[in-house]
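Working notes, beginning with the structure itself.
In each ligand, atom 1 is the first atom listed, and ligand 1 is the first ligand listed.
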Amino acid sequence: MLMEDVLKHPATVLSKAQREQFFEDGCAVIEGAVDAARLKRLQGAMDEMVDLSREVAEDDGRFILEEGHSPDDPRLRRLVSPVTHHPEFWAFASESVSADIAADVCGPDVKFYHAKLNFKWPRGGHKFDWHQDVPAWPHTDYSPMTVGIYLEDCGEPQGPLLAIRGSHKPPMHSMYDRDGNWVLRIPEEDLYEGWRDDVVSLTGPAGSAVLINCRVIHGSQANRSDRMRPMLLNVYSSADSMPYVTNPIPSPYEGAIVRGKPARFSCHDPRGCELPPDWSAGYVGPWKHQTGAEAG
Ligand SMILES: O=C(O)CCC(=O)C(=O)O
């Protein structure tokens with residue numbers, strides 16, 4: 001659904017100002033979005049999954065490990081598709097404020113696409129280079145967006161998500177380098193003059209929701225602190241937005257309608273989208289592709 005049609009529907013959880021900020025900037029932070037009881041359950045599910053990772057010695061499609069990971073000292077970069085591995089995560093993605101927020105910015109009919117739980121372990125947690133999300137998973141329109149939830153407090157030292165305000169509006173950058181390799185990375189020298197003035201640091205206490213438009217340029221720094229930075233990321237679109245490449249993070253819930261009803265007609269934005277490599281042979285996660293990041 002296109003933005004002008006979304007705005008014809010009243011918002012249910014976002015204020016008018018928050019919704020306008022999201023459409024104008026391509027990003028927003030909603031503090032206190034997740035209630036204390038739900039947050040505790042999500043943290044419990046996360047702890048259970050981290051415990052399970054102790055038995056894992058190398059990336060296995062479920063966990064992407066950070067170097068130094070061991071049974072006594074688990075260090076993770078990502079739990080791939082948390083909705084597949086613990087019911088609490090699917091309950092959250094489908095029944096909670098996460099889907100309500102998506103409905104406020106995607107329109108009343110909302111489709112789930114995929115999820116991930118990104119970690120930045122204390123004194124580590126790799127930086128994420130500047131990139132745009134949607135070239136990794138193009139859809140017929142640009143309604144897809146991510147609801148990110150900080151499961152612990154996230155201030156500057158923890159490596160919060162950073163976004164370049166308004167960068168969802170101009171034509172998108174290529175996620176390939178000059179040699180044609182998919183790098184999911186925008187070199188800073190390719191950004192416009194004065195871009196640093198538009199960087200917003202999306203910090204927030206545990207339970208904050210960070211909203212990210214699928215075209216907005218974003219990234220994050222390493223975690224310089226002694227506290228972990230877990231961030232749950234649920235990706236949704238309008239029900240009438242159709243993905244047309246293999247989902248890099250498939251799950252049994254891909255395409256589930258979590259608000260409203262399924263679409264009868266697809267929505268098409270006239271702006272095309274750069275295509276990613278073929279993910280049908282598997283997806284290794286972004287770190288392997290980003291120049292300078294070690295393999296995950
Ligand atoms: O975890 C982060 O800091 C960045 C996440 C991100 O940009 C992504 O998954 O696309």
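- The nearest heavy-atom contact from the protein to atom 4 (C) of ligand 1 is Phe128 CD1, 3.2 Å.
- A salt bridge links Lys127 to Asp129: one of the charged nitrogens lies within less than 4.0 Å of a carboxylate oxygen.
- Counting protein heavy atoms only, atom 3 (O) of ligand 1 is closest to Ser220 OG, 2.6 Å.
- Only the side chain of His131 comes within 4.0 Å of ligand 1, judged by heavy-atom distances.
- For Thr146, no heavy-atom contact with ligand 1 is shorter than 4.0 Å.
- For atom 1 (O) of ligand 1, the closest non-hydrogen atom on the protein side is Arg229 NH2, 2.7 Å.
- The distance between the ring centers of His69 and Phe63 does not fall below 6.0 angstrom.
- At a heavy-atom cutoff of 4.0 Å, ligand 1 is contacted by the side chain of Arg78 but not by its backbone.
- Counting the atoms of ligand 1 from 1 in the order shown, those under 4.0 Å from a heavy atom of Asp133 are 10 (O).
- In this view, Glu88 and Arg38, Arg41 satisfy the salt bridge (charged side-chain N to carboxylate O under 4.0 Å, His left out) rule, not counting sequence neighbours.
- Here the protein heavy atom with the shortest distance to atom 5 (C) of ligand 1 is Asn118 ND2, 3.3 Å.
- The shortest separation from a heavy atom of His218 to ligand 1 is under 4.0 Å, placing the residue in contact.
- Across every non-hydrogen atom of Ala209 and Val147, the tightest pair is CB-CG1, 4.3 Å.
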Criterion side-chain contact (heavy atoms from CB on, under 4.5 Å) on Leu232 and Lys116, from CA distance to verdict: CA-CA 6 Å; Leu232 179 61; Lys116 47 222 169 182; over 6 Å; no

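- Ring-centre distance between Trp130 and His173: not below the 6.0 Å cut-off.
- Side chains of Ser98 and Tyr236: a donor on one and an acceptor on the other come within 3.5 Å.
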